[in-house]
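Data first, discussion second: the structure below is written as structure tokens.
Values reported hereafter were calculated over all heavy atoms of this structure, with side chains retained and with hydrogens, waters and symmetry mates removed.
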Amino acid sequence: MITGQNFQVIKNAVSSNEVGELVIGEATKGKVYRVLINDAGQILLDPIDLKSIPENQRWLWQNPEAMAMVQRGLQQAASGEVHDLGSFAQYADLEIDD
């Protein structure tokens with residue numbers, strides 16, 4: 001959800017590097033964003049407060065490689081690219097060591 005419409009141009013043109021990274025500058029330094037893209041290719045950076053994310057999930061938001069793997073898996077699942085590995089019911093009663 002966009003909470004404000006008062007946008008300012010920070011840079012007129014930014015090119016991504018070979019791995020898709022964009023350097024925006026001081027306005028975004030040290031901040032964490034959720035990145036959204038629409039069908040037109042427009043990108044929205046939505047600032048998130050890591051303090052609002054449960055501590056046991058925070059590591060994922062701070063690990064770009066792990067987050068990319070999760071997002072890739074979600075995209076694969078959405079496109080039907082799944083493999084049925086059968087039931088895991090046999091493991092349901094195993095004791096879990098903490």
Side-chain angles (χ1 to χ4, degrees):
M1 174 171 64
I2 298 175
T3 58
Q5 299 295 325
N6 187 20
F7 291 96
Q8 302 173 38
V9 175
I10 294 175
K11 290 188 175 185
N12 284 318
V14 178
S15 297
S16 61
N17 64 18
E18 60 278 350
V19 294
E21 296 171 330
L22 296 172
V23 177
I24 298 173
E26 289 293 317
T28 59
K29 185 176 181 178
K31 297 180 182 173
V32 178
Y33 294 89
R34 183 171 54 128
V35 181
L36 301 98
I37 188 166
N38 64 16
D39 293 337
Q42 296 171 316
I43 296 172
L44 174 67
L45 300 176
D46 185 22
I48 60 171
D49 180 4
L50 286 177
K51 296 174 194 155
S52 66
I53 298 171
E55 189 173 339
N56 65 346
Q57 297 173 18
R58 207 170 294 156
W59 71 271
L60 181 61
W61 289 88
Q62 295 172 322
N63 185 326
E65 184 178 342
M67 181 60 85
M69 292 169 63
V70 169
Q71 290 172 337
R72 187 169 45 254
L74 291 172
Q75 290 171 349
Q76 289 171 332
S79 68
E81 207 178 316
V82 296
H83 306 283
D84 184 358
L85 299 176
S87 173
F88 286 81
Q90 67 185 9
Y91 304 106
D93 293 329
L94 291 179
E95 284 190 35
I96 299 174
D97 295 331
D98 287 332

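- When the side chains of ILVMFWY residues are joined at heavy-atom separations under 4.5 Å, either directly or via intervening members, Val32 and Ile10 end up in two distinct hydrophobic clusters.
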I'd like a table of donor-acceptor pairs (distance under 3.5 Å, sequence neighbours excluded) in which one partner is a side-chain atom from residues 61-69, with atom names and distances.
{"residue": "Asn63", "atom": "OD1", "partner": "Glu65", "partner atom": "N", "Å": "3.2"}
{"residue": "Asn63", "atom": "OD1", "partner": "Ala66", "partner atom": "N", "Å": "3.0"}

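- The shortest non-hydrogen separation linking Lys51 to Arg58 is O-NH2, 3.9 Å.
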Distance-only criterion, 3.5 Å: show the donor-acceptor pairs between side-chain atoms of residues 72-80 and protein atoms not counting sequence neighbours.
{"residue": "Ser79", "atom": "OG", "partner": "Gln75", "partner atom": "O", "Å": "3.3"}
{"residue": "Ser79", "atom": "OG", "partner": "Gln76", "partner atom": "O", "Å": "3.1"}

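- Taken together through direct or relayed side-chain contacts under 4.5 Å among Ile, Leu, Val, Met, Phe, Trp and Tyr, Tyr33 and Ile37 form part of one hydrophobic cluster.
- The hydrophobic clustering, which links ILVMFWY residues whose side-chain heavy atoms are closer than 4.5 Å, places Leu85 and Tyr91 together.
- Looking only at distances, no side-chain donor or acceptor of Arg34 sits under 3.5 Å from a matching main-chain atom of Asp46.
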Quick one: side chains of residues 15-30, donor-acceptor pairs under 3.5 Å with protein atoms, not counting sequence neighbours, listed by atom name and distance.
{"residue": "Asn17", "atom": "OD1", "partner": "Val19", "partner atom": "N", "Å": "3.0"}
{"residue": "Asn17", "atom": "OD1", "partner": "Gly20", "partner atom": "N", "Å": "3.2"}
{"residue": "Asn17", "atom": "OD1", "partner": "Glu21", "partner atom": "N", "Å": "2.9"}
{"residue": "Asn17", "atom": "ND2", "partner": "Glu21", "partner atom": "OE1", "Å": "2.8"}
{"residue": "Thr28", "atom": "OG1", "partner": "Gly25", "partner atom": "O", "Å": "3.1"}

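- Connection of Phe7 to Leu36 is established within a shared hydrophobic cluster, with ILVMFWY side chains joined at heavy-atom distances below 4.5 Å, either directly or through further cluster members.
- At least one side-chain heavy atom of Leu45 sits under 4.5 Å from a side-chain heavy atom of Val35.
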